[in-house]
Every structure is written in C-alpha cells, then in structure tokens.
Amino acid sequence: MDYQTLRKQIIEKDFSNMNDRQFEAVTTVNGPLLILAGAGSGKTTVLINRIAYLVRYGNAYQSIEVPYYTEADLAAGQDYLDGKTDTPPQDGFSVRPPKPWEILAITFTNKAAGELRERIDRKLGEGGADLWAGTFHSVCGRILRRYADRVGFSSHFTIYDTDDQRRLMKQIMKDADVDEKMLPHRSVLSAISSAKDSLISPQELMQMAGSNPRQKMIAELYRIYVRRLQEADAMDFDDMIVYTVKLLRENDDVREYYANRFRYVMVDEYQDTNHAQYVLIGLLAGGGNLCVVGDDDQSIYRFRGATIENILHFEEDYPGAKIIRLEQNYRSTANILNAANAVIKNNIGRKGKTLWTESGDGDKIAVYNAADEKEEAKHIADDILEQVGKGGTFSQHAVLYRMNAQSAALENVFARSGITYKVIGGFRFFERKEIKDILAYLNVVNNHQDGIRLRRIINEPKRGIGETTVNRAAQVAEQNGISLFEIFSRADEFALLSRAAAKLQTFCQTIDALSDLIEDVSLSELVEQVLEQTGYRAALQAENTEEAKDRLENVMEFVSTVKHYEEENEEPTLSGFLEEISLVSDTDSLDENDDAVVMMTVHAAKGLEFDRVYLVGWEEGIFPGNQSIYGGPEELEEERRLAYVAITRAKKHLSISHAATRMLFGQTGRNLPSRFLKEIPPELCEENKVRFSSTVIPVTESKKREFSSGFGTFSSVKQPSAPAVAYTAGQTVEHKTFGVGMIVKATPMSSDTMLEIAFEKVGTKKLMANFAKLKVLS
DNA sequence: TATCGTAGTGTTTTT
DNA sequence: CACTACGATA
C-alpha cells in the first residue's frame with residue numbers, strides 16, 4: 001500500500017465517529033465553506049474535529065500531493081509570521097499544518113470558547129490554550145488592547161454597558177436641551193446602535209436624515225455621543241466591533257498581520273452576525289480559508305442587527321464557496337424533531353431543510369392547559385418532583401420562557417416545593433448597585449477620563465458633594481475641554497467650586513493614591529484598598545440594616561470573584577479583569593455540576609440541550625409576543641424561529657403549557673393558546689394529561705366554561721396527606737436500586753416528603769418518600 | 001444637600 | 001407590579 005492511501009486510511013479512522021457529511025465538513029478546509037448545521041446535528045463536535053484535523057494533518061486529505069511537512073517548512077512558517085520574510089506559503093495554502101495560534105474560532109459565548117480550548121487540549125494533548133477562540137467582543141477586545149492608539153483610544157480603554165450608555169445619553173440630551181418626551185433617550189440609543197451595527201457614521205446618518213428634523217437630531221446626538229465616548233476613553237459594545245473594523249481598514253500593516261496570522265477562520269452561529277461583524281470577518285479571513293457554521297432557522301437576534309442575509313448570500317459573497325448540510329439530528333427523539341419541523345415549515349424566508357433522526361418516537365409532547373400562571377408552575381413543579389422521585393436529577397430539567405419577567409411565578413412555586421433551581425439572566429450579580437459602585441471605583445482608578453463612572457461614585461458614600469457642584473464642574477470641564485476629574489483635582493482654581501473644593505481634592509488624592517498602587521499591589525489587594533480608602537465598606541458597616549448587611553455580603557462575594565480571576569489568569573491586570581466582567585454572558589455562569597433546574601429565556605438557551613424541557617407561556621401575546629403579532633410577517637417569522645429553537649433544546653421529553661389567564665406586569669390578561677402550538681400536529685401531542693395537583697386551585701364559574709375540556713371539569717383534588725412513613729434526618733434506609741444510605745435532609749412538602757439521602761455507592765440523591773419505597777434500617 | 005414620598009411609567013429578547 | 005425619576009420639604 002502506498003503512503004498516501006495509508007495516510008487517508010489513518011485520517012478516516014481518526015474521525016470514524018463522524019457521519020459522511022460531518023466527515024466532509026471536517027476535512028474540507030481550504031477555501032470558503034458554509035456548514036448549514038441543523039439543531040442537534042453535532043456541529044460543535046464537527047468544529048472541534050475540524051480544528052484537530054487542521055492541526056494534525058493540515059490540508060493533507062484534499063491535496064494529497066502536497067508534501068508532508070518538514071522541519072524546514074516549519075521554520076519557514078515561523079519566520080513568515082515573525083515578519084522576517086514576506087513570502088507567503090506557496091499557493092496561499094499551508095504546506096505545514098497550521099498551529100493552534102494560527103486558527104481563529106469565533107463562538108457565541110465565552111463558555112463555548114472555553115470548551116473548545118479544553119476539548120482541543122483533550123484531543124491533541126496540548127495547544128488548546130494557544131487557539132484564538134472567543135466571542136466577537138472578546139476577540140475585538142484582544143486586538144484593540146494592542147492597537148487602540150491607532151483609533152484614538154488608550155490601551156486600557158473602558159467598556160460602557162447599557163446602563164452607562166443610558167446615563168451618558170441622558171446627560172448629552174440634557175446639555176443639548178432635548179425634550180425626552182419628544183425623543184426618549186432609549187430610542188436615540190437604539191437608533192445609534194443600529195447605525196453602528198451597519199457601520200454608518202454620524203456624518204452618513206446626518207446625510208441620510210435629509211430634512212427630517214427628528215432624524216437630524218438623532219444624527220447630531222450620535223455625533224456628540226461618539227465624541228463624548230472618545231473623550232472618556234470608553235467604548236460601548238457596538239464600538240468594539242466598529243473600531244476593530246476601522247482599525248483593520250485603515251491600517252494595512254495591522255490588517256495584513258492578522259489576515260496572515262489567521263490562516264483558518266471559523267465562525268459559529270453565523271446566522272446571528274450583523275453587518276459590522278460580517279465586514280470584520282471578511283477583513284480577518286483575508287486568506288480565504290473561512291468556514292462559517294449556521295442555521296438560518298435559528299436566527300433569533302434580528303433585534304440587535306443580525307441579518308439572515310449573511311447566511312443566505314454566503315455563496316455570492318464568497319464565490320466558489322462549498323456548502324455542506326448537516327441534517328441528521330442526534331439530540332432529540334423523533335416526536336420532538338417532527339414537532340420542530342412542523343412549526344418551522346410555516347416560515348417562507350429560509351434555505352429549507354428537514355432534520356431527521358434515527359432515534360425512536362419517544363414520549364409524546366405533553367401539552368398542558370393551565371388555569372393561570374401559578375397553576376402552570378405547580379404542574380411543572382409536580383412533574384419535576386415526580387421525575388426526581390424516580391431517581392432523576394434536577395439538572396436534567398430546564399424551563400424556558402419568552403421574557404425574564406415570567407420567571408417570578410415559577411420561582412415562587414419552585415422555592416416552596418423544595419426544588420433547587422437556578423435562574424440564568426435577569427438581574428445579574430454585576431448589575432447590583434453595590435457591585436456597580438465598586439466597579440465604578442475601579443474603572444475610575446484605571447481610567448480617570450471616565451466621567452460617567454466618576455459621577456456615579458463622587459458622592460457614594462456621601463461626601464457632601466451634591467449635584468449642583470458636579471454640574472458646575474461638568475460645565476467648566478466642557479468649556480475648557482478638560483476631563484471632569486482634572487477639574488475636580490484643581491477645584492481650588494475655580495471660584496464656582498470653592499465651597500466643595502477641599503472635599504473634591506481629597507477625593508482626587510484618594511483616587512490618585514489608589515492608581516499608584518496598581519503597579520505594586522495585587523488586584524485583590526487593590527480592591528481591598530479601594531473598599532478601605534474610599535470609605536465604602538465603612539459606610540455600609542455603619543448603616544447596620546438588613547439591606548446593608550446583604551450588600552456587604554455581595555461585596556465580599558465580589559472580592560472572591562477578583563481572587564478567582566487572579567488564580568485563573570497568568571497575568572491578571574485591572575483592565576483585563578474589568579473587560580472580562582463586562583463581556584461575560586449569562587450562560588457563561590451555567591455550571592452543569594450543580595444539580596439544579598435551569599430557568600432562562602429561550603434566547604439564553606441557544607446552543608444548550610436538556611433531557612426534559614418545559615416551555616411555558618405559549619400564548620398569543622406572550623409567545624408570539626404582541627410586538628411581533630402587530631409588527632409584520634418578518635417579526636413573526638423571527639418569533640417562529642425562536643419557537644423552533646425552544647423545541648429543539650429537548651432531548652427526551654418536551655412539555656408545552658399555556659395558561660387561560662395570566663398575571664403579567666400587574667395586570668391579569670386572557671390569552672388564547674399560541675398559534676405555534678396549533679402548528680404542531682396533534683398526533684404528536686398528548687393533551688392535558690391530568691394529574692393530581694397538590695393544592696386546590698379555585699375555579700370560578702366563568703372560567704370553567706373557558707376550558708371545560710381541560711382542567712375545569714376535573715374537580716377531584718387529592719388532599720395533602722402525610723407520607724406513609726415519617727422519615728427524619730439521620731435514619732439509615734435501603735433503596736431497591738441505590739442500596740443503603742443515610743437520610744441527610746428531610747423536607748416535608750405539600751403531599752410528600754423530599755429526602756436527600758447519601759448512598760454508600762451512588763452518592764447523594766434527592767428522592768420523594770412516597771415514590772422511593774424505602775426500607776428503614778435504623 | 002439629603003431624604004422622603006409620590007407620581008408616572010414601562011416591560012422582549014443581549015454582548 | 002416594580003422601578004425610577006422627579007419634586008417638595010427638612
């Protein structure tokens with residue numbers, strides 16, 4: 001057997017766990033490639049294998065005649081990248097396989113990037129850490145830290161979040177005397193954001209505005225906003241993309257450096273890229289070895305500028321592009337998959353594909369009509385407890401809703417039922433007031449120009465520096481083109497500020513002293529010093545209320561976050577830390593090691609999968625939401641894609657529910673079942689599997705008529721009853737399958753007792769006493 | 001200047 | 001409902 005055939009065989013064996021399509025996707029590495037990957041088609045594995053393939057074999061499989069790489073080639077490649085020679089690798093293709101640091105993988109979350117690195121490490125033994133993997137924002141951050149000066153920022157520029165943007169815009173509009181009633185800052189910001197997503201400059205927006213006064217005003221505010229951000233040495237999320245594009249467009253050397261460095265570029269979730277990101281990808285993937293992975297049916301971020309056109313026009317944008325479709329689903333049962341297919345086929349604007357699976361039908365989809373949102377929650381809680389009682393875990397369950405506000409009703413019931421749960425998204429740790437305060441301090445210490453953060457903390461804790469003082473100082477700063485901080489520190493020079501001058505200058509000295517510490521002291525020590533020197537901790541301690549105690553605890557928690565960061569990073573820096581926490585996404589914090597039911601929005605669930613999924617609030621006006629019902633067919637199609645994403649999260653069991661009446665935002669409304677529910681063929685569903693609810697739900701006459709087919713007619717309600725045997729912590733028991741164990745915790749619930757038992761062989765499990773059929777040994 | 005109270009307001013989805 | 005923003009008062 002000749003060498004090449006042998007080699008081919010080795011590769012085929014190495015990736016023998018891939019199906020034919022997947023194998024093709026893994027080994028097609030040269031030139032543009034679009035992988036249309038349906039939900040659950042194993043695209044993550046494909047991506048990982050593709051990188052592993054590249055690093056191990058280069059382009060060997062396709063261009064078998066290219067000689068096996070030699071030491072000399074390696075050296076040549078190294079030299080090339082070090083800029084010692086201008087000769088690119090021959091034919092534009094690599095002769096030697098690329099190194100991990102020559103591969104760029106853009107993922108949707110930081111967590112996905114981390115997993116990618118880890119799994120590359122596991123597969124190749126090493127090298128994962130060198131891989132450039134991250135979200136658009138973190139990759140841009142990394143590039144910008146290095147070249148920010150080329151676009152007018154310093155290397156430790158600040159990142160403004162939505163709240164900072166809001167504050168800044170409110171200030172700008174106040175300065176410009178714009179009436180918020182006519183033009184809310186919210187709409188200005190969203191207009192600016194979509195302009196940035198499309199790479200439209202303030203000048204261009206002004207031109208586009210023509211004579212429309214409202215549009216002209218927005219463009220003018222945009223111009224000021226951009227300037228103010230630059231003065232503050234700050235970027236918002238959109239800026240990170242915009243300025244990276246600007247950097248690469250205007251600096252040939254930088255563009256060439258990255259385009260040459262990244263010989264292979266991969267972009268996941270391509271359907272959710274916006275125009276700016278699209279341009280960025282084009283600039284980075286100068287070499288043409290671009291592979292994008294996406295699913296037009298899962299495009300759910302139109303509201304933040306994502307355009308499905310990017311995926312629909314990929315072939316035109318990159319001539320000669322190859323398209324590979326992955327349509328075999330390995331995640332869900334046939335019933336779940338068919339339901340998803342049935343729903344999405346009602347959309348018109350799509351590439352069109354039908355997922356199939358070899359797995360069996362599985363459970364039917366449980367459809368449940370609840371009286372109201374409380375009953376809906378109870379039903380789910382009962383179902384989860386039943387599963388856990390049978391030996392299941394909490395963490396295999398997920399509840400998905402359309403908006404964060406819907407979590408409250410579920411949390412209430414879950415907490416009372418003794419269900420361990422975790423809410424992803426909503427109010428985040430880093431959005432708490434006390435945390436934002438400390439972050440503001442750190443940001444100001446890091447960057448004195450940061451006026452927005454400075455305003456936040458100048459009188460927190462109270463220093464007797466009021467709004468009037470700050471506004472006066474801001475005016476002086478604006479007139480002289482000096483930063484607010486500098487005015488504060490030179491307060492004695494201005495008559496207007498004489499009254500507060502001493503206080504202002506003391507404050508500035510404290511900040512300056514803290515800034516001096518950055519070089520000499522560890523990050524956590526710096527944070528300690530900030531808490532100490534600024535009097536923030538002392539002020540909280542002095543308050544002596546429950547709330548202050550709570551906040552103090554959160555502050556401590558924050559300090560341990562800092563310590564954690566220090567341990568995780570080889571060279572921890574203040575700006576690095578601040579950037580990292582600005583860019584964490586909600587799902588990054590998801591840890592599948594703790595056993596808890598996961599609750600989150602459908603958006604947040606993208607890319608995740610669970611054995612048992614509960615979709616709540618499938619009602620007209622909720623899902624699809626009113627906005628989309630009245631917002632035109634495009635909006636509705638996006639909503640349907642969202643439904644498709646929701647359904648395809650489930651592996652084994654899917655439950656969809658809707659409530660006849662729902663209390664939301666303080667009002668009780670009646671909603672009809674969602675149209676998406678009607679799009680699922682009835683034969684796949686099992687309607688209203690009536691169960692014994694643990695509590696009496698009062699049903700009024702009028703309501704009874706509404707859903708007589710369902711809950712209303714079933715009036716038999718099981719009374720809460722104590723379990724046959726009373727269990728207490730400390731008892732030793734025997735379970736049929738788990739063996740002998742000791743009860744660690746016994747939590748009485750409405751009609752049963754939840755037991756936490758430490759088994760000798762299988763570890764700690766949570767069981768329901770009535771289900772577990774335990775034998776008491778002692 | 002700080003605090004308290006009330007009125008008003010807005011609520012998709014997120015890096 | 002829950003939060004914020006603003007205005008009146010101490």
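Computed from a prediction, not measured in an experiment: that's the story for all the values here. Lettering of chains follows the sequences in order, A, B, ..., and the numbering in each one begins at 1.
Remark: A:R675 does not engage A:E679 in a salt bridge, criterion side-chain N to carboxylate O under 4.0 Å. Under a 4.0 Å N-O distance rule, the pair A:R551/A:E543 does not qualify as a salt bridge. Salt bridge present: A:D175 and A:R228 bring a charged side-chain N and a carboxylate O closer than 4.0 Å. By the 4.0 Å N-to-carboxylate-O rule, A:R304 lies too far from A:D197 to be salt-bridged with it. Salt-bridge annotation for A:E269 and A:K43: present, with a side-chain N of the basic residue lying under 4.0 Å from a carboxylate O of the acidic one.
Across B:dT14, B:dT3, B:dT11, the shortest atom-to-atom separation from the side chain of A:K462 is found for B:dT3. When the nucleotides C:dC6, B:dT14, B:dT3 are ranked by their closest atom to the side chain of A:K170, C:dC6 comes out on top. When distances run from any side-chain atom of A:Q627 to the nucleotides B:dT13, B:dT12, B:dT1, the shortest one goes to B:dT12.
Residues of residues 131-139 of chain A having a heavy atom closer than 4.0 Å to DNA chain B, listed by number: A:H137.
Here C:dC1 presents its P atom at 17 Å from CE of A:M403, a figure rounded to the nearest Å. The distance between atom CE of A:M600 and atom C1' of B:dT15, rounded to the nearest whole Å, is 17 Å. Atoms CD (A:Q667) and C1' (C:dA2) sit 14 Å apart, rounded to a whole Å. Taking atom OH of A:Y160 as the reference point, atom C1' of B:dT15 lies 18 Å away to the nearest angstrom. Following rounding to the nearest Å, A:R456 (CZ) and C:dT4 (P) show an atom-to-atom distance of 11 Å. If you measure from atom CD of A:Q277 to atom C1' of B:dT14, you get 12 Å, rounded to the nearest angstrom. B:dT15 atom C1' lies 16 Å from atom CD1 of A:I424, rounded to whole Å. Rounded to whole angstrom, the span from the CD atom of A:E638 across to the P atom of B:dT13 amounts to 14 Å.
Residue A:R166 is classed as a sugar-phosphate contact, given heavy-atom separations below 4.0 Å to backbone atoms only. Nucleic acid contact class of A:R186 (heavy atoms, under 4.0 Å, all strands): sugar-phosphate only. Residue contacts for A:N459: at a heavy-atom cut-off of 4.0 Å it reaches the sugar-phosphate backbone alone, with no base atom in range. At the heavy-atom level, A:D161 lies nowhere under 4.0 Å from the strands shown. The residue A:T469 sits close only to the backbone: its heavy atoms come under 4.0 Å of sugar-phosphate atoms, none of a base. Contacts of A:G625 with the nucleic acid, taken as non-hydrogen atoms under 4.0 Å apart, are absent.
Ring to ring, A:Y225 and A:Y160 are not that close: their centroids are 6.0 angstrom or more apart.
We find that the ring of A:F303 and the base of B:dT12 do not stack by the test of centres under 5.5 angstrom and planes tilted less than 30°.
Separating the C1' atom of C:dA5 from that of B:dT12 is a span of 23 Å, rounded to the nearest Å. B:dT13 and C:dT4 are spaced 22 Å apart, taking the C1' atom of each and rounding to whole Å.
Ring-plane geometry between A:F303 and A:Y301 is classed as tilted, the angle between the planes lying from 30 to 60 degrees on a 0 to 90 degree scale.
For A:N110, no side-chain nitrogen or oxygen approaches OP1 or OP2 of B:dT15 to under 4.0 Å. Remark: A:N404 is in phosphate contact with B:dT13, judged by side-chain N or O atoms under 4.0 Å from OP1 or OP2. The side chain of A:T109 contributes no N or O atom lying less than 4.0 Å from OP1 or OP2 of B:dT15. Of the side-chain N and O atoms in A:T162, none sit less than 4.0 angstrom from OP1 or OP2 of B:dT14.
Within a 6.0 Å sphere centred on CD of A:E309, heavy atoms belonging to other residues, nucleotides or ligands number more than 12. Heavy atoms of other residues, nucleotides or ligands lying less than 6.0 angstrom from CD of A:Q541 number more than 12.
Both A:K503 and A:E639 lie near DNA chain B, and the one whose nearest nucleotide falls closer to the 5' end is A:K503. Of the residues near DNA chain B, A:F665 and A:Y301, the one whose nearest nucleotide (by heavy atom distance) lies more toward the 5' end is A:F665.
The base of B:dT15 is not paired with the side chain of A:R304 by any donor and acceptor separated by under 3.5 Å.
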